[in-house]
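Chain naming here is simple, since letters A, B, ... match the order of the sequence lines and numbering starts at 1 in each.
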Number of protein chains: 2
Amino acid sequence: MDELVERGVRITRQRRVLISVIQNSPTHLDATALLAIAKQQDSGINLATVYRTLALLKNCGLIDELDLMHLEGEKHYYEAKTSSDHCHLACFGCGAIMEYASPLFEKLKRKIAADSGFRIRVARLELGGLCKQCAKTTA
Amino acid sequence: MDELVERGVRITRQRRVLISVIQNSPTHLDATALLAIAKQQDSGINLATVYRTLALLKNCGLIDELDLMHLEGEKHYYEAKTSSDHCHLACFGCGAIMEYASPLFEKLKRKIAADSGFRIRVARLELGGLCKQCAKTTA
DNA sequence: TTTTACTTGCGAATGATTCTCAACTGGGAA
DNA sequence: TTCCCAGTTGAGAATCATTCGCAAGTAAAA
């Protein structure tokens with residue numbers, strides 16, 4: 001939140017609620033789910049505001065946008081950005097979403113940046129396949 | 001193409017054209033662009049068929065689906081799958097899309113699979129930021 | 001407190017993608 | 001080769017996520 005103030009972004013009632021919901025959510029939320037939860041705290045929030053706030057937070061680098069392999073439709077999911085990036089494993093069998101962080105991922109990013117001169121602002125690694133359980137069953 | 005025959009997929013006139021366009025395209029195509037090019041070879045192709053064929057090829061693992069950081073809208077882009085995965089770097093400055101393949105990426109995938117027991121079928125690594133040129137200008 | 005540029009809510013608009021269904025056609029069987 | 005039919009297509013409507021336009025509301029600087 002302080003990050004936003006520093007950037008001169010106005011902190012409105014709606015933004016406060018939305019940010020808190022995103023930061024406290026145990027799951028990856030899409031815009032509609034985020035709205036539903038936010039409405040419990042502030043019934044007057046509108047879906048357009050949700051989208052506008054997500055765009056704002058994304059541009060400020062405070063949240064990441066995910067596809068999660070589009071396991072259920074073409075929508076996007078959001079999560080608060082953490083210090084080190086992690087990748088998402090989406091199981092085509094049971095729909096489970098797992099997270100995986102590794103120093104090797106960080107190393108790969110550094111190498112890509114070094115090799116190409118590209119200044120990385122967002123990194124998104126998503127894998128689709130079968131989780132341990134489903135791989136066993138399908139095998 | 002042989003891959004499809006083996007799987008018992010019917011090879012229609014439209015599919016033949018679409019596959020050839022995808023395989024020969026020097027750029028990443030979205031559904032509409034793919035349709036436009038395909039129509040030059042077979043004017044009767046329909047957008048619905050393009051989407052159906054893309055879904056088919058994606059499920060068979062013959063093409064990869066990309067977002068390219070949604071630099072220009074929420075559409076998807078497609079490319080023929082190659083033997084080794086590569087990641088895509090999308091420049092927020094000039095819109096350039098660069099590709100980058102590295103043994104380290106393959107190694108990371110193997111490590112993730114080994115650590116988690118996940119059987120990877122699709123891997124998508126997309127980076128957004130500034131290319132060498134734009135990073136210099138903005139700095 | 002006043003001011004004003006930035007935000008919001010609402011509903012309409014957009015754009016990508018999917019669906020429905022009748023007509024069509026690969027490619028195996030006869 | 002011809003026949004047959006399950007799988008495929010075209011056309012347009014439908015769906016779904018996301019964005020826009022604009023009048024009314026509101027942070028927060030002065």
Side-chain angles (χ1 to χ4, degrees), chain A residues 1-22 28-39 41-60 63-78, chain B residues 1-22 28-39 41-60 63-78:
Chain A
M1 200 92 96
D2 305 330
E3 309 247 354
L4 292 173
V5 174
E6 280 170 29
R7 286 172 188 255
V9 171
R10 190 182 291 181
I11 304 298
T12 65
R13 180 169 49 82
Q14 295 88 334
R15 287 179 181 167
R16 216 186 298 276
V17 171
L18 290 171
I19 291 169
S20 131
V21 172
I22 293 173
H28 301 105
L29 299 171
D30 59 54
T32 306
L34 173 53
L35 175 65
I37 298 176
K39 272 191 168 172
Q41 293 178 45
D42 186 331
S43 62
I45 294 187
N46 188 278
L47 185 55
T49 300
V50 171
Y51 278 107
R52 283 187 285 234
T53 302
L54 287 173
L56 174 74
L57 298 176
K58 188 168 55 161
N59 284 332
C60 291
I63 58 174
D64 276 325
E65 184 179 68
L66 310 168
D67 275 10
L68 301 184
M69 285 291 150
H70 296 305
L71 250 39
E72 38 183 68
E74 296 298 309
K75 58 194 168 190
H76 291 117
Y77 297 86
Y78 300 88
Chain B
M1 199 92 96
D2 304 330
E3 309 248 353
L4 293 173
V5 175
E6 280 171 29
R7 287 172 187 255
V9 172
R10 190 182 293 180
I11 305 299
T12 65
R13 180 169 49 84
Q14 294 89 334
R15 287 181 181 163
R16 216 187 298 275
V17 171
L18 291 171
I19 292 169
S20 131
V21 172
I22 294 173
H28 301 106
L29 299 171
D30 61 50
T32 306
L34 174 53
L35 175 65
I37 297 176
K39 273 190 166 170
Q41 293 177 45
D42 186 332
S43 62
I45 293 187
N46 188 276
L47 185 55
T49 300
V50 170
Y51 278 108
R52 284 187 286 233
T53 302
L54 287 172
L56 174 74
L57 297 176
K58 187 167 58 160
N59 285 332
C60 291
I63 59 174
D64 276 325
E65 183 178 67
L66 310 169
D67 277 9
L68 301 184
M69 285 292 151
H70 296 305
L71 249 39
E72 39 182 65
E74 296 298 309
K75 57 195 168 190
H76 292 116
Y77 298 86
Y78 301 87

Problem - Minimum side-chain heavy-atom gap A/Val9-A/Arg15 below 4.5 Å - result: yes
Problem - Spacing of B/His76 atom NE2 and B/Tyr78 atom OH [to the nearest 0.5 Å] - result: 6.0 Å
Exercise for the section: May I ask you to verify if any side-chain N or O of A/His76 is less than 4.0 angstrom from the OP1 or OP2 atom of D/dA17? Expected result: no
Handout entry: Short side-chain N/O contact to C/dT17 OP1/OP2 from B/Tyr51, under 4.0 Å
Key = yes
Exercise for the section: To the nearest Å, give me how far apart CG (B/Leu34) and C1' (C/dT17) are. Expected result: 14 Å
Completion exercise
From CG of A/Leu54 across to C1' of D/dT19 the rounded distance in Å is 13 Å
Problem - Heavy-atom side-chain contact between B/Leu54 and B/Leu34 under 4.5 Å - result: yes
Problem - Heavy-atom side-chain contact between A/Leu57 and A/Ile22 under 4.5 Å - result: yes
Practice task
Report the distance from atom CD of A/Glu74 to atom C1' of D/dT15, rounded to the nearest whole Å.
Solution key: 12 Å
Completion exercise
Here the distance between atom C1' of C/dT18 and atom CD of B/Glu65, to the nearest Å, is 14 Å
Problem - Distance, nearest 0.5 Å, that separates CZ of A/Arg52 from CG of A/Leu18 - result: 11.5 Å
Practice task
Calculate the interatomic distance between A/Glu72 atom CD and D/dC16 atom P; express it in whole Å.
Solution key: 13 Å
Practice task
Find out whether B/Cys60 and B/Arg7 are in side-chain contact, i.e. whether some heavy atom of one side chain is under 4.5 Å from a heavy atom of the other.
Solution key: yes
Fill in the blank from the handout: Smallest heavy-atom separation, A/Glu65 atom then A/Lys58 atom, equals OE2-NZ, 3.2 Å
Handout entry: Nearest atoms (heavy-atom pairs only) where A/Ala38 meets A/Val21
Key = CA-CG2, 4.1 Å
Handout entry: Nearest-angstrom distance from the residue atom CD1 of A/Ile11 to P of D/dA29
Key = 11 Å
Taking N or O atoms only and anything under 3.5 Å, show me the protein contacts with nucleotides 9-11 of chain D, one pair per line.
from, atom 1, to, atom 2, distance (Å)
D/dT9, OP1, B/Thr12, OG1, 2.9
D/dT9, O3', B/Gln14, NE2, 2.8
D/dG10, OP1, B/Gln14, NE2, 3.3
D/dG10, OP1, B/Gly44, O, 2.5
D/dG10, OP2, B/Asn46, N, 3.3
D/dG10, OP2, B/Thr49, OG1, 2.2
D/dG10, N7, B/Arg52, NH2, 2.7
D/dG10, O6, B/Arg52, NH1, 3.3

Practice task
Report the end-to-end axis angle of the helix from C/dT1-D/dA30 to C/dA30-D/dT1; each axis comes from five terminal pairs, and the value is rounded to 10°.
Solution key: 40°
Practice task
Report yes if some heavy atom in the side chain of B/Ile63 is under 4.5 Å from a heavy atom in the side chain of B/Ile19; otherwise report no.
Solution key: no
Handout entry: Rounded distance in Å - CZ (A/Arg7) to P (D/dA28)
Key = 16 Å
Completion exercise
Rounded to whole Å, NZ of A/Lys39 lies from P of C/dT8 at a distance of 15 Å
Practice task
Would you mind telling me which of D/dA28, D/dT18, D/dT8 lies closest to the side-chain atoms of A/Arg10?
Solution key: D/dA28
